[in-house]
Each structure stands twice: as C-alpha cells, then as structure tokens.
Protein chains: 2
Amino acid sequence: MRRMTARPANAHQARLLRLLRDGGPNSRAQLGDQVDLSRSKLAVEVDRLLETGLVVADGLAASRGGRRSHNIRLAPGLRFLGVDIGATSIDVAVTNAELEILGHINQPMDVREGPVAVFEQVLSMAAKLKASGLAEGFDGAGIGVPGPVRFPEGVPVAPPIMPGWDGFPVREALSQELGCPVMVDNDVNLMAMGEQHAGVARSVGDFLCVKIGTGIGCGIVVGGEVYRGTTGSAGDIGHILAVPDGRPCACGNRGCLEAYFSGAALARDATEAAQQGLSAELASRLEAGGGLSAVDVAAAAAAGDATALDLIREGGNRTGQVIAGLVSFFNPGLVVIGGGVTGLGHTLLAAIRTQVYRQSLPLATGNLPIVLCELGPTAGVIGGARLISDHLFSPA
Amino acid sequence: MRRMTARPANAHQARLLRLLRDGGPNSRAQLGDQVDLSRSKLAVEVDRLLETGLVVADGLAASRGGRRSHNIRLAPGLRFLGVDIGATSIDVAVTNAELEILGHINQPMDVREGPVAVFEQVLSMAAKLKASGLAEGFDGAGIGVPGPVRFPEGVPVAPPIMPGWDGFPVREALSQELGCPVMVDNDVNLMAMGEQHAGVARSVGDFLCVKIGTGIGCGIVVGGEVYRGTTGSAGDIGHILAVPDGRPCACGNRGCLEAYFSGAALARDATEAAQQGLSAELASRLEAGGGLSAVDVAAAAAAGDATALDLIREGGNRTGQVIAGLVSFFNPGLVVIGGGVTGLGHTLLAAIRTQVYRQSLPLATGNLPIVLCELGPTAGVIGGARLISDHLFSPA
DNA sequence: GAGACTTTCTCCACTGGGAGGACAAAGAGG
DNA sequence: CCTCTTTGTCCTCCCAGTGGAGAAAGTCTC
C-alpha cells in the first residue's frame, strides 16, 4: 500500500480530519453540523480529501428520518506508530488513524544503553508489529523519551538520565529508518496528550499530568496545548526542593523531590527497610527476587505491610507538597497522577490529595479533581500517535 | 468629542490597529510591509478604518527614496484609563491610544475600605485627570485589583485581602460610572502586561512576573498571553509552602512564603528587630515614624544597616527558593521581579538569583535572565490600558 | 535644472471562491 | 402509493481580493 503522502491543504481540511480522527466515521451531514461551512464548501473540501485518499467512503449511515447519507472515514490503511521510551522499558504500539491501538508490545530495556541500541530495539519491535500483519508500513510515528527535548528539531537536550543521548538527532534518524514523518517529545508530555485524547482529561483545557516513574515529571497542558517551556524542560519537577538541606540527590543538590520519592528512591528505601528488619514482607521479597522495586513495594502494601504503606504515604506526602505548590501557581482544572508507580494506587493518591487540599487555597482546590491515570501504559503510545497525527493533520 | 464607538470589523483591521498602537504612526507602505496583504486590500481596510474615525491621516512620512507617503495614526483623541488598585494605594493614569501615559496620579487608600469607597476615590481621580484637560472622556478602562478575578465577568472571587469585594461586579459598576467598556484583572497580571508592552519583557513569549508588595503574586505569560488558570487564581504563589511546619500564616496554614517575605512580613520583622535593639538604624526610624514599613527597611539597607540587609537577604532566599521551583516547572524565558519592594533592589535580586541559579537545573537557568521590573509603578496602569486596548482592538 | 529612477497611491478589469437556491435522489411513515 | 424529510449535486450570482497599468510625487545624478 502507498503510504500517506498528501497533507490537508487548508485549515478546513485539517479540521475535518481531526473530527474524523476524534469522532470516528461520520456522514457529511454530521460533519456539517460541527464545522459551520456551507454545504457546497463542505462538499468541495470532502471531495478533495477523498481525492487525496486521506479519507474514504464507508457505506451508508443510519437514516435520520430521510435519505440515508454516505459515511466518510479516515483511510483504514493509515497506521501510526507510538513509541514510549522509558528509563527501563520500551513500549511500541500501532494505531489506526482514529488512534485506536491495534497492537502493543512492551520490552524491558535500559535507556542508558544509548540511542543506537535502543533504536535497534524499537525498530525490531516495529518490525514485529508489521510482521504480525497489523501494518504494511507507517504513515507517521510519535516518540517519547524520558528527558527534555528541543521540540522543533526533535533532539534531546542535556537529559540527566540518558547519557549519550544529548544532541542525538532522534527525529531525523528515526524518520530515515522508518521512512515516515516523526515527532519527538518528552515522555510525560506524551502521557498528557494520551490522557487528553482518550483518558480522564478529555474535556479539560488546563491540566497537569504528574508521572511518577523512575523519575518524576509533569506534563503541562494550557488551553488544550502542551506547554513545553522556553528550552523544552518545562515540567521537570523532580528536582524541585522538597526538604531544605535534605538528602543529597543525583543532580548534585540536596533535598530534591526525586531524592525522596520516585521508582528509584522507593526501591532504595524499601531495600534499606528490609535489611534493617523493619518488614518481614519486604525482607522475604528481597530474598526471593534479589532486589526490590516499586512493584514489590506495591505488592507488599497490597498485602497490608505497614512499612510499605508508610513508605508510600511518606512519598505521597512529599509529592503532594510539591504538587500543592504547583496547583497554587498554575490553578489547573485537573491533576492526573500516573506512571510506573500507579500500582501504589489509592494509598498514594490519598496522601497526595490530603496535602494538596490542605495546603492550597480553597479557590484553587475547590473544584479540583485529583485522579489516577486512566490509560496506564497505553497513555504514552496513544499520546505518541496523537502527537504525529496532530502534526500530519495540520495545514501544510 | 464623540467617544470611540466603532470596533474593528475583522481580524485585518484589528491587526492594523495593534500595529499602530505598538509602533506609533506609520505609513500605508510600512504597514504593508508588516501585514502581508495586497496593496489594494490594505488600502480598502485602511480607508474603512479612516471612515470609522479610529485612525486619522497624520501628515506626510519621510521619503524612503520616492514619493512621500501619508502617515496614518490612531485617533489622537482616544483615551484609555489604567487603574491599579493596590492593597494600600491607588494608581490612576490616562493614556493615549499608543498607551503613552499622559497623566498619572497616585493616592494612598486601604482596599479594605470596600469597593464603594474605593470606587469613589477612583472616580474622583479620573475626574481630576479629566479636569486637567488631558481627556474629555474615556474610551475604555482597564482595572487591576489585588486578588483573583473571574476574568470573563470581571468580578473578584474570594479575595483574601479584600473583604467585601467578593462577587462585587467591578466591571459592570465601573463601566456604568465611566460610560465606557471596562476590563478587570488581577493586579499582577496587569503588571506583567505592562512590562510586556513597554518594559523588560518586550520580546519574550513565556515569562514570569513576580510582584512582591503587601502580598506576593506572580503573573504568568504563555505564548504572549496572560494565563489566568481555571478559576482565575493562577499565580497565587504567596501561600506556597516555603518552610515545612513554619510560621503561622494569615491563611490558616503554616510556613507560607508570605509569612516570611512580603511588605507586611518585612515590616513586622523589622519592627521586631528594632524593638529587640538589634539595629540602631531601624530603631531610630521606628521612633521617628511611629511604625516601620518596607520602605524604611530599604532606606536602612541603603544606609548599610546590617540587620536590614539580613532581613532582605533572608527574604530573598526564601522567595528565591520558591521561584526556583517555579522555574523548574515552568521553564520561562525571563523572570521579572517587581512590586512595592523593588526599592530593596539589588540585594534582593542577588539573593533570589543565587537561589534560583543554584537550585534549578542548568537547562532551565542556562539562559534565564532574572531582572528587576523596569516600569515601577507605571507597569500596572500601562498594563490596564493595554488590557482594554487589546479588548477593543479585537474583531467584534 | 532636466531627465531617469523610485516609491506611493489609485483605479480597474479579471479571477476564483463561496453562498445559497433549485432540484434530484433516497428513504420514512401513513 | 403519496407526502414529508433528509441528503447530495448542480448551477448561478455575488463579491472580495489580486495584480497590472499608470498617475503622482519624490530623490538623485549629471
């Protein structure tokens, strides 16, 4: 199959493509209800889109009391690739043009092995998805990496946990390999876009999406658009001061949030607690697995282990304190908590909520939902697909 | 003179009006260089603007090597009113359509006396400006109040330091009294707009504007637009936690930034220090004035008083810590420090800079200027004029 | 000071896109 | 089978915008 070559010629076409992406197949008449164009104009634009092959006719719609209308849908052969490179694993998924996941693979991989090794892995995962018959090729790909990105160029800049990636032309390299347009963004921003598209943030204009994984980051959405900051490092809240003169952090400072709570910090604290004999549950898990991770803590907490619960609660308190500050500053309409430690679930959420509701002013918290991420590991890949589709579905 | 009744009929006209506002008188040809319209189209739109009376011909421009062109400028009779209601004083200014200040009055007034008394004062100040011949009437007014505002309606919501103002229809009431369109916003946002229009932030898209006055607030500008948050309380950073389990704050919590540094806190700390005999300088000022304010501290510091300098430094450190967090989160291109305590000047600035540059990550601070406000007390009123002119110079 | 060259401004004919009505097609319902 | 509704197509009219031609008003060189 020929890959997507055409692009919408004007803002109207772009608008229509996005409506079809977000609302699925639609009749001309239904589209007309949403876009405020004259029938003739709409017909012309739809015809042009049909010509380009971006959309196709798709049978007849149900009658609304008169003549049945012909449905229009995005070309069913379009395929987007969503790639979410985490610190310790990689998610790759194929979606159709409506951003529905057709296939999803996850594989462990340490991002510190460097861009070349990681890309090899990503490409082999993409090939696997292709081989399973889900796609004959990709029309675009959206990639998330766990660090700041100079967005227009798609290049990581000074990523603390990704040595060897600084300045690597991710966008260009991957675009070459995959033979399709590629956009690169921070993994947290992708998660935010995913939740915005298909998750809890669907109808919210301004929200924060806090991702607690190996590190801690925060996606910022302003007026429906991801805000990336002047140098692309907006949302990097892991190194906000949580405890004055506190623990040393890998970044060289003391008392950073990440030094107290993150996948890494939690694993370390749990190991320590186990070794000190504070928790039989954790100790047995340490012995069994040879090490502890956030997942073990979550399991121990689920089993009712007091030490694990304390660890989670304390971390949640610190995180909540920082989030409370952000809520005062940013006054979002929603806060989403996600990332690898969502397994910690409601214990964590309760601790965060307590802090935020206690510390921020009533005007900011009065109607502020703080909720867990809805999509889990698929948020990132859906966000990736969304990122590239937003790019492709805009006027050339 | 007839007041401004017409409004730009389309986006092109609005664009032209803003260009004339920001760039002053311009020839048709110069305008043409900036707007990317065909000559004829431009001529048509300009003619229409001339018809409405919003712009007028203004003599001949200098030759650029050929026929001299006729200059166009905004109607010289247009007058905007900028009002900045602070916690303890009111600033009112008239500007022309280019937002140049023609007259500016400041008067002390406690905002807690309530909206009715304050409005009386504002109206009498406006009348005074009119009487001095600077304006025959006002075409629009922009008002800043020291608390959160529901922006679309122009109504203060739950303002902590303005009892009696909650829900008062500021916009409507003032519009009625002045007989012109009115827009209401938070005073900090106005300051940010002022600095953006005529101050240090002229060419920066994303920046923060921290105002340290009686309280502490922060204007947030994203992509050239003020960001107000979901309920209009964005930037309310005075009650961010600065010291865990610290001093009690008026808001009911402990350790808020405002409890440690603001005009009020500074005055209190200075008085305490004077009474404890820590500083002869401050003590003599306390005796002379019957009380101490931030201004006294500034004067004492300027005179080299060690205690005053310490107070400023410590406050700057706390403020800097909070700002450091915001910088990590928001990754602005500029941070402006302003407000009543700017008199504290470079001691304060140095302390803030030290904290931010030390605590935030290099990527965010690498090219981040942290500067003092350039416009001082005029920032607010210019921002007010800018607010209403932005409103009036947009398509109806 | 005359002529050549530039720039600005106005006028005008042409073009192309869009609006909206008329009409045909297709179905629902009685 | 007839009427009413909805959808889709076609066609004409209108108008805004483009861009060229040329006049007006300068500057600059010789």
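Chain identifiers are assigned alphabetically (A, B, ...) following the order of the sequence lines, protein sequences preceding nucleic acid strands; residue numbering begins at 1 within each chain.
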Would you mind reading off the distance between Leu50(A) atom CG and dT9(D) atom P, rounded to a whole angstrom?
10 Å
May I have the distance from Asp47(B) (atom CG) to dC11(C) (atom C1'), rounded to whole angstrom?
12 Å
Taking side chain to side chain contact (heavy atoms under 4.5 Å, CB included) as the test, write out the residues that go with [X], two or more places apart.
X         : result
Val226(A) : Asn189(A), Met193(A), Val221(A), Arg228(A)
Leu190(A) : Asp185(A), Leu387(A)
Thr231(A) : Ser233(A), Asn331(B), Leu363(B)

Please enumerate all protein N or O atoms sitting under 3.5 Å from an N or O of nucleotides 24-30 of chain C, with distances to 0.1 Å.
{"unit_1": "dA25(C)", "atom_1": "N3", "unit_2": "Arg67(A)", "atom_2": "NH1", "d": "3.0"}

Nucleotides 14-20 of chain D: protein proximity per nucleotide (B base, S sugar-phosphate only, - neither; heavy atom, under 4.0 Å)
---SBBB
Okay, side chain of Arg171(A), backbone of Pro152(A): is any donor-acceptor separation there less than 3.5 Å?
yes
Can you list every side-chain hydrogen bond (donor to acceptor under 3.5 Å, both in side chains) pair that touches residues 31-40 of chain B, not counting sequence neighbours?
Asp33(B)-Arg64(B)
Which atom pairs, one a donor and one an acceptor, fall under 3.5 Å between side chains of residues 65-72 of chain B and the rest of the protein, sequence neighbours left out?
{"unit_1": "Arg68(B)", "atom_1": "NE", "unit_2": "Ala61(B)", "atom_2": "O", "d": "3.1"}
{"unit_1": "Ser69(B)", "atom_1": "OG", "unit_2": "Ser27(B)", "atom_2": "OG", "d": "3.4"}
{"unit_1": "Asn71(B)", "atom_1": "OD1", "unit_2": "Ser27(B)", "atom_2": "N", "d": "3.3"}

Would you mind listing every salt bridge (Lys or Arg N to Asp or Glu O under 4.0 Å) that reaches into [range], with sequence neighbours excluded?
range                       : result
residues 43-55 of chain A   : Arg28(A)-Asp47(A), Lys41(A)-Glu45(A), Glu45(A)-Arg48(A)
residues 94-103 of chain B  : Arg73(B)-Glu98(B)
residues 189-205 of chain A : Arg202(A)-Glu374(A)

Numerically ordered, the residues 20-35 of chain A set in heavy-atom contact under 4.0 Å with DNA chain C is none
Contacts of type side-chain hydrogen bond (donor to acceptor under 3.5 Å, both in side chains), residue Asp58(A), not counting sequence neighbours
none
